[in-house]
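Protein chains get the first letters and strands the later ones, always in sequence-line order, with residue 1 at the start of each.
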2 protein chains.
Amino acid sequence: MWRIDPASDDPLYAQLVAQVRLGVAHGTLRPGERLPSARELAASLELNMHTVLRAYQVLRDDGTLELRRGRGAVVASTATDLTDVERAVADLAAAARRAGLSVQTTTTLVTEAMHR
Amino acid sequence: MWRIDPASDDPLYAQLVAQVRLGVAHGTLRPGERLPSARELAASLELNMHTVLRAYQVLRDDGTLELRRGRGAVVASTATDLTDVERAVADLAAAARRAGLSVQTTTTLVTEAMHR
DNA sequence: CTACTTGTTCTACGACTACTAAAACAAACG
DNA sequence: CGTTTGTTTTAGTAGTCGTAGAACAAGTAG
């Protein structure tokens, strides 16, 4: 885990957010599991503590993580079954690729569909 | 068409990009059709010409539009059938909503799935 | 050919975001 | 108790977003 690309267009904190979300969605990160502390993760990734903390705070506001002083960041207990979603995602990816759609156009379509 | 929200978190040019992409995907904008000139659209939306032009340039680099001086912005001829994609998008949106996933997490999953 | 339209390029500015940095603080842990 | 860890504050640099004005080049239309 924790593959950060400083040269990416996406902000560093957003990359962390996406990775945690994917980990939780895929079951790699299980509810109750503890993530590295902000200082620890920042040191190992050669980032600033605030950058890591910002990602953690986004995920806390999102309901994905629970943050407490002295304990650190813990994955919240969501416990939803994502098999349907995973299959739908795979189907969409295949259809979009077949149609020659870009990733951006595809996510734009998804965002629009979910905003209704 | 052309509903811009200056208070949105998304940049103005990104909103324009998304709307053109959706228009092309849904068939509202057909290949060969001409979009308003950058100055014209900027005036009617009360934006700066550069903001509109930036959106047009993103779409040109994307292959969605063709830009030529004196003529303006024209929808490129892609002509792909999107019925499969539309159905897959609707299925995914339903599954994600059923699982209680946020729009962001869902698009993150889609992005990841298409990057493989 | 001429006049007009339209995209292209350049410089510049103010506002905001992203990231880093150092420090001090408060709550929970062992 | 001391340690760990998130929280908050202040500060600086770099980059993006949007606006603005101007000049330029390649097409279009008459």
Side-chain angles (χ1 to χ4, degrees), chain A residues 2-21 29 32-77 104 108, chain B residues 2-21 24 29 31-77 104 108:
Chain A
W2 308 125
R3 293 190 183 172
I4 299 302
D5 176 17
S8 167
D9 288 336
D10 295 325
L12 302 175
Y13 84 93
Q15 296 182 44
L16 291 173
V17 167
Q19 292 197 18
V20 173
R21 278 210 261 252
L29 292 174
E33 189 167 345
R34 191 188 161 213
L35 297 181
S37 76
R39 295 175 219 266
E40 201 176 330
L41 187 54
S44 74
L45 296 179
E46 296 181 335
L47 303 178
N48 190 277
M49 180 188 69
H50 296 291
T51 304
V52 177
L53 224 40
R54 177 163 185 183
Y56 280 5
Q57 286 161 359
V58 168
L59 291 163
R60 177 199 56 192
D61 298 347
D62 193 54
T64 306
L65 295 182
E66 291 175 2
L67 302 184
R68 296 190 195 168
R69 302 185 240 216
R71 195 192 312 183
V74 177
V75 179
S77 56
Q104 297 163 12
T108 301
Chain B
W2 309 126
R3 294 190 184 173
I4 298 303
D5 177 15
S8 166
D9 287 337
D10 295 325
L12 300 176
Y13 84 92
Q15 296 182 44
L16 290 174
V17 168
Q19 291 197 18
V20 173
R21 278 209 260 252
V24 174
L29 291 175
E33 188 167 346
R34 192 188 160 211
L35 296 180
S37 76
R39 296 175 219 264
E40 201 177 330
L41 187 54
S44 72
L45 295 179
E46 295 180 338
L47 302 178
N48 191 280
M49 178 186 72
H50 297 292
T51 305
V52 177
L53 224 41
R54 180 163 182 182
Y56 280 5
Q57 285 161 358
V58 169
L59 292 163
R60 177 201 54 192
D61 297 347
D62 191 56
T64 306
L65 295 182
E66 292 176 0
L67 304 184
R68 296 190 193 167
R69 302 183 238 215
R71 194 191 314 182
V74 177
V75 178
S77 56
Q104 296 163 14
T108 301

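- Using a 4.5 Å heavy-atom cutoff, the side chains of Leu35(B) and Leu41(B) are not in contact.
- In this structure Asp5(A) satisfies the side chain to side chain contact (heavy atoms under 4.5 Å, CB included) test together with Ala7(A), Ser8(A), Gln15(A), sequence neighbours excluded.
- Put simply, chain A comes within 4.0 Å of DNA chain C, heavy atom to any atom, from dA18(C) to dC29(C), going 5' to 3'.
- Scanning both residues, Ala18(A) and Thr108(B), for their nearest heavy atoms gives CB-CG2, 3.9 Å.
- Residues Leu45(A) and Leu16(A) have side chains in contact (heavy-atom distance under 4.5 Å, counting atoms from C-beta outward).
- Among residues two or more places apart in sequence or in another chain, the salt bridge (Lys or Arg N to Asp or Glu O under 4.0 Å) test is passed with Asp10(A) by none.
- The rotation axes computed at either terminus of the helix from dC1(C)-dG30(D) to dG30(C)-dC1(D) lie 40° apart, taking five pairs at each end and rounding to 10 degrees.
- Close approach of DNA chain D to chain A, defined as any atom under 4.0 Å from a non-hydrogen atom of the protein, starts and stops at dT4(D) to dT9(D).
- Sorted by first then second residue, the side chain to side chain donor-acceptor pair (under 3.5 Å) pairs that include residues 53-64 of chain B, not counting sequence neighbours, are Arg21(B)-Asp62(B), Asp62(B)-Thr64(B).
- Comparing Asn48(A) and Glu40(B) by the nucleotide of DNA chain C whose heavy atom lies nearest to each, the residue mapping closer to the 5' end is Glu40(B).
- How far CG of Leu53(A) is from CG of Leu67(A): 7.5 Å, rounded to the nearest 0.5 Å.
- Here the CG-CD distance, from Leu59(B) to Gln104(A), works out to 9.5 Å after rounding to the nearest 0.5 Å.
- Side-chain contact check for Ile4(A) versus Tyr13(A): every heavy-atom pair is 4.5 Å or farther apart.
- Applying the salt bridge (charged side-chain N to carboxylate O under 4.0 Å, His left out) definition to pairs two or more places apart or across chains, none involves residues 32-48 of chain B.
- Taking 4.5 Å as the limit, some side-chain heavy atom of Pro36(B) sits within range of a side-chain heavy atom of Trp2(B).
- Only Pro11(B), Leu12(B), listed by number, bring a heavy atom of residues 2-12 of chain B to less than 4.0 angstrom from any atom of DNA chain D.
- For the segment residues 57-69 of chain B, residues with any heavy atom less than 4.0 angstrom from an atom of DNA chain C are, sorted by number, Gln57(B), Arg60(B), Leu67(B), Arg68(B), Arg69(B).
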Donor-acceptor contacts under 3.5 Å from residues 69-76 of chain B side chains, at least two apart:
none

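- Counting any heavy atom pair closer than 4.0 Å across all strands shown, Leu53(A) reaches a base atom.
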